[in-house]
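Heads up, the thing below is written out as structure tokens.
Residue indices begin at 1 and follow the sequence shown. For ligands, and for the atoms within them, numbers begin at 1 and follow the listed sequence. This is a predicted model, so every value here is computed, not measured.
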Amino acid sequence: SEKIRIGIVGYGNLGRGVALALWQNPDMELVGIFTRRAPADIDAPDASTPVLPVDGLTDRRDDIDVLILCGGSKEDLPEQGPALAAHFSTVDSFDTHARIPEYFEAVDGPARAAGTTALISGGWDPGMFSINRLYGEALLPDGETYTFWGKGLSQGHSDAVRRVPGVAGGVQYTVPSDVAVDAVRSGSRPELSTREKHRRECYVVLADGADAAEVEQAIVTMPHYFADYDTEVHFISAAELGRDHGAMPHGGFVIRSGTTGAGNAQVVEYRLQLQSNPEFTASVLVAYARAVHRLNRRGQVGAVTVLDVPPVLLSPKSPETLRAELL
Ligand code: NDP
């Protein structure tokens, strides 16, 4: 059968991850990488992959089945998502949780009008975690859902640390509290405050002449980002920052703790432990690109989320094979 032809839009961490993930999926092929920057400035994953300006993309309708949109959720996707869904089936990882209903509507209209299928908010949270929250609620209606994140590098909080005057560089890790996780796993259904669930660890390089105590105070009292958490600030050298904090690990748990029948406790857990957040997110998007292509062929058009996609469509294997191997 013919390969699913994929285009990547935007080539940052996630875009690089998608190119790598496609090599592990022989039923798909990478047609090209489309960027807003000068193509010559982009380090292509291999010599045979064309890197092209995103402006010419709409001329390529006939040779691309699905575009994987790898732009940022804040500035890029709100513009690119609806515009590109008017021409192509798409997959993206829009992760501004509060804005997802509004983004869904913005993509749904153009996709329906064009007969394309647009999966929004793929990845792991939103994404795989959302599916597991749904399973938890549906299977254990008398219960409580808990999501813990980390240990992981948070891009938004790292940016906030780097904006503090006197900070030359730094990263922030979100760390789930072991005490809170153990309490949830025990089935006791604790009520947990924000401060009890996660703590925050910052690794900071001070600018020349900056005062460590002042910088620490500015970080730990920062509203929204740090004030509601127990935050540790560790001062390190620029060399240590480069050596020890260049990776992008992340992960977490979704736990549903419920009670059934005669009062029996039932605890269900889904766990991710990721050495590379963007590479895992990219792997999820690639599997959903396969599903989107199949949905579109079946005539299901418009915006969809991971909650709408039958799991069987994610696999390169046939339903018959999956029934024999996995049931
Ligand atoms: P990046 O900042 O690395 O890339 C975003 C865009 O910025 C790229 O598509 C690229 O577009 C542009 N860009 C990349 N590098 C440069 C550069 N050096 N100079 C100028 N522009 C550049 O973001 P990520 O790839 O790390 O993440 C993308 C989004 O993925 C995040 O905003 C987040 O919303 C989402 N995400 C979702 C997850 C989920 O679970 N749902 C998990 C992880 C991430 P262009 O090539 O056109 O210039």
Exercise for review: Mark yes or no: Arg185 above the aromatic ring of Phe253, with NZ or CZ under 6.0 Å from the six-membered ring centre and no more than 45 degrees from the axis.
Suggested key: yes
Revision key, fill the gap. In terms of heavy-atom contacts, Val9 and Leu57 come closest through CG2-CD2, 3.8 Å
Point to revise | Pi-cation contact, Tyr146 with Lys197 (under 6.0 Å, within 45°) | key: no
Point to revise | From CG (Leu14) to CG (Asp92), nearest 0.5 Å | key: 9.5 Å
Exercise for review: Mind jotting down which protein residues get a heavy-atom contact under 4.0 Å with ligand 1? Chain and number order, please.
Suggested key: Gly10, Tyr11, Gly12, Asn13, Leu14, Thr35, Arg36, Arg37, Cys70, Gly71, Gly72, Ser73, Asp76, Ser93, Asp95, Gly122, Gly123, Trp124, Asp125, Pro126, Asn277, Thr281
**Study point:** Check: His245 ring centre within less than 6.0 Å of Tyr173 ring centre
**Key:** yes
Point to revise | Pair Ser158, Gln172: side-chain N/O donor-acceptor within cut-off below 3.5 Å | key: no
